[in-house]
Amino acid sequence: MTEKIKGDLYDYPAYYDLIFGSDWRAEYDFIVGCFERYAKRTVQRVFEPACGTGRLLIKLAEVGYDVSGNDLNANAVKFCNDRLRRKKFPESVVVGNMADFKLKKKVDASFNMINTFRHLNSEADAVAHLKCMAEATNKGGLYLLGLHLIPTQGERLEEESWSARRGNLAVNTFMWSKGIDTKKRAEFLGLTINVYTPTKHIEIEDEMVYRTYSAKQMAALLAKVPEFEIAATHDFAYDLDEPIEITSDTEDVVFVLRKK
């Protein structure tokens, strides 16, 4: 029998971590490659705003980076800190708002790779976040910001699905766009997560609202934070040797922002 739950995926960190953490290698290699290629300083201290379960932070910690992060969801923060502790690293993730925080010590690089930035539902919050990031970053350091833009020409991705397995736990995920309100700049997303273990099947239904950005709107936003310059732009293929030029049909992009 299937147990159906209407809930928030972020309240189920073990499932979230499996969904987004099983294919970590490409993102990890890209992040470290950006540190080496685009930063104008040695990267040692690394921060992830809205870090969730810290799926990439733990990998960076394991190769010697000094990592930290914040997230609004206390369940995710606990999951992340428990994992850091088990690996003998400091419990360096705190409950915090990505649009209103201040670090005790500036970092050399930060990253936010998979649309989490779009949870900020107003221009004021987006600017506040980028201002916080600029204040938190050492000169010559980086902020890698990944998101989906809304193309003004061509087709856009309306849905995606993926599966992941760890031991006896398997998770199948389906996400689709329910529609876009262009006046409110809001995209409404549906998310269904099917969780399978040897003894149960759980189906979690979730909904999210993402703020929308066209290429022009994103450029206007970044212009409001002159502390950062755009060092490069890439897509979600994460190929360091293939930077992209943003056009009206660009959808997925990672902005490599560098602190002036």
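In this text, all values refer to a predicted model and were calculated from it rather than measured experimentally. Both backbone and side-chain heavy atoms feed into the values below; hydrogens, waters and symmetry mates do not.
Taking both residues in full, the closest heavy atoms of Ile230 and Leu222 are given as CD1-CD1, 3.8 Å, listed atom of the first, atom of the second, then distance. Smallest separation of non-hydrogen atoms from Leu149 and Thr250: CB-O, 3.8 Å. Of all heavy-atom pairs between Phe117 and Ala126, the closest is CZ-CB, 3.9 Å. What you find for Asn97 and Ala99 is that their closest heavy atoms are OD1-N, 2.8 Å. Cys34 and Val256 make their closest contact through SG-CG2, 4.2 Å (heavy atoms, listed as atom of the first residue, atom of the second, distance). Here the closest non-hydrogen pair linking Thr53 and Arg83 is O-NH2, 2.7 Å.
The 12-atom threshold is not exceeded at NZ of Lys4, counting heavy atoms of other residues, nucleotides or ligands nearer than 6.0 Å. The number of heavy-atom neighbours closer than 6.0 Å to NZ of Lys178, taken from other residues, nucleotides and ligands shown, is above 12. A 6.0 Å sphere centred on CD of Gln44 holds more than 12 heavy atoms belonging to other residues, nucleotides or ligands. Heavy-atom neighbours of Lys78 NZ from other residues, nucleotides or ligands within 6.0 Å: at or below the threshold of 12.
Here CD of Glu245 is found 8.0 Å from OG1 of Thr233. Values are rounded to the nearest 0.5 Å. Once rounded to the nearest 0.5 Å, the distance linking CG of Leu130 with CD of Glu135 reads 13.5 Å. Separating the OG atom in Ser92 from the CD atom in Glu48 is a distance of 11.0 Å, to the nearest 0.5 Å. Annotation: the span from Asp181 atom CG to Thr212 atom OG1 amounts to 8.5 Å, rounded to 0.5 Å. Taking CD1 of Ile19 as the start and CH2 of Trp162 as the end, the distance is 7.0 Å to the nearest 0.5 Å.
Counting only distance, with no hydrogens or angles, the side chain of Asn121 and the backbone of Tyr210 share no donor-acceptor pair below 3.5 Å. Looking only at distances, a side-chain donor or acceptor of His234 sits under 3.5 Å from a matching main-chain atom of Asp239. The main-chain N or O of Gly141 is never found under 3.5 Å from a side-chain atom of Asn138 such that the two would form a donor-acceptor pair. Here the side chain of Asn73 pairs a donor or acceptor atom with the backbone of Ala76 at under 3.5 angstrom. Judged by distance alone, with hydrogens and angles left aside, the side-chain atoms of Lys6 form no donor-acceptor pair with the main-chain N or O of Glu205 at under 3.5 Å. Proximity of a side-chain donor or acceptor of Thr2 to a complementary backbone N or O of Ile202 within less than 3.5 Å is not detected. With hydrogens and angles ignored, the 3.5 Å screen pairs a side-chain donor or acceptor of Arg55 with a backbone N or O of Phe20. Judged by distance alone, the side chain of Asp71 and the main-chain N or O of Gly52 form a donor-acceptor pair under 3.5 Å. Side-chain N or O atoms of Lys106 include none that pairs as donor or acceptor with a backbone N or O of Thr137 at under 3.5 Å.
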Steps toward side-chain contact (heavy atoms from CB on, under 4.5 Å) verdict (Val171, Tyr196) | CA-CA 6 Å; Val171 181; Tyr196 299 91; over 6 Å; no
Derivation of the side-chain contact (heavy atoms from CB on, under 4.5 Å) call for Asp66 and Val46 | CA-CA 6 Å; Asp66 180 1; Val46 179; over 6 Å; no
In sequence, state the C-alpha distance, the side-chain angles, and the governing distance for Arg45 and Tyr65, and then conclude on side-chain contact (heavy atoms from CB on, under 4.5 Å).
-> CA-CA 6 Å; Arg45 291 194 300 277; Tyr65 290 98; over 6 Å; no
Check step by step if salt bridge (charged side-chain N to carboxylate O under 4.0 Å, His left out) holds for Arg37 and Asp241.
-> CA-CA 10 Å; Arg37 179 168 299 193; Asp241 295 322; 3.2 Å; yes
Would you please test Phe111 and Glu27 for side-chain contact (heavy atoms from CB on, under 4.5 Å) and show each step?
-> CA-CA 10 Å; Phe111 60 91; Glu27 287 175 278; over 6 Å; no
Stepwise side chain to side chain donor-acceptor pair (under 3.5 Å) test for Asn172 and Ser163 | CA-CA 4 Å; Asn172 298 330; Ser163 300; 2.8 Å; yes
Begin from the C-alpha positions of Asp125 and Arg211 and carry the test salt bridge (charged side-chain N to carboxylate O under 4.0 Å, His left out) through to its verdict.
-> CA-CA 11 Å; Asp125 282 348; Arg211 183 167 172 81; over 6 Å; no
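A cation-pi arrangement, defined by a distance under 6.0 Å to the six-membered ring centre and an angle within 45 degrees of its axis, is absent between Arg118 and Tyr213. Note that Arg85 lies outside the cation-pi zone of Phe89, set by a 6.0 Å cut-off to the ring centre and a 45° limit from the axis.
At a threshold of 4.5 Å between side-chain heavy atoms, the hydrophobic network of Ile, Leu, Val, Met, Phe, Trp and Tyr places Ile114 and Ile31 in one connected group. Residue Val95 is grouped with residue Leu57 when hydrophobic side chains (ILVMFWY) are merged at heavy-atom distances under 4.5 angstrom, including chains of intermediate members.
In this structure, Tyr143 and His129 have perpendicular ring planes: the angle between them is above 60°, well past the 30° mark. Ring geometry for Phe101 versus Phe47: interplanar angle of 30 to 60°, hence tilted. Relative ring orientation between Phe174 and Trp176 is described as parallel, the plane-to-plane angle staying below 30° on a 0-90° scale split at 30° and 60°.
Ring centers of His148 and Phe236: under 6.0 Å apart, within the cut-off.
Residues Arg25 and Phe30 have side chains not in contact (no heavy-atom distance under 4.5 Å, counting atoms from C-beta outward).
Using modelled atom types, one finds a donor on one side chain and an acceptor on the other under 3.5 Å when comparing Glu187 with Ser177.
The pair Glu3-Lys200 does not count as a salt bridge, with every side-chain nitrogen at least 4.0 angstrom from each carboxylate oxygen. Ion pairing of Lys260 with Glu229 is absent here, as no side-chain N (NZ or NE/NH1/NH2) approaches a carboxylate O to less than 4.0 Å.
Looking at Lys139, Lys131, Arg258 one by one, the single match for side chain to side chain donor-acceptor pair (under 3.5 Å) with Glu227 turns out to be Lys131. Of the candidates Tyr16, Tyr10, Tyr15, Tyr12 forms a side chain to side chain contact (heavy atoms under 4.5 Å, CB included) with just one, namely Tyr15.
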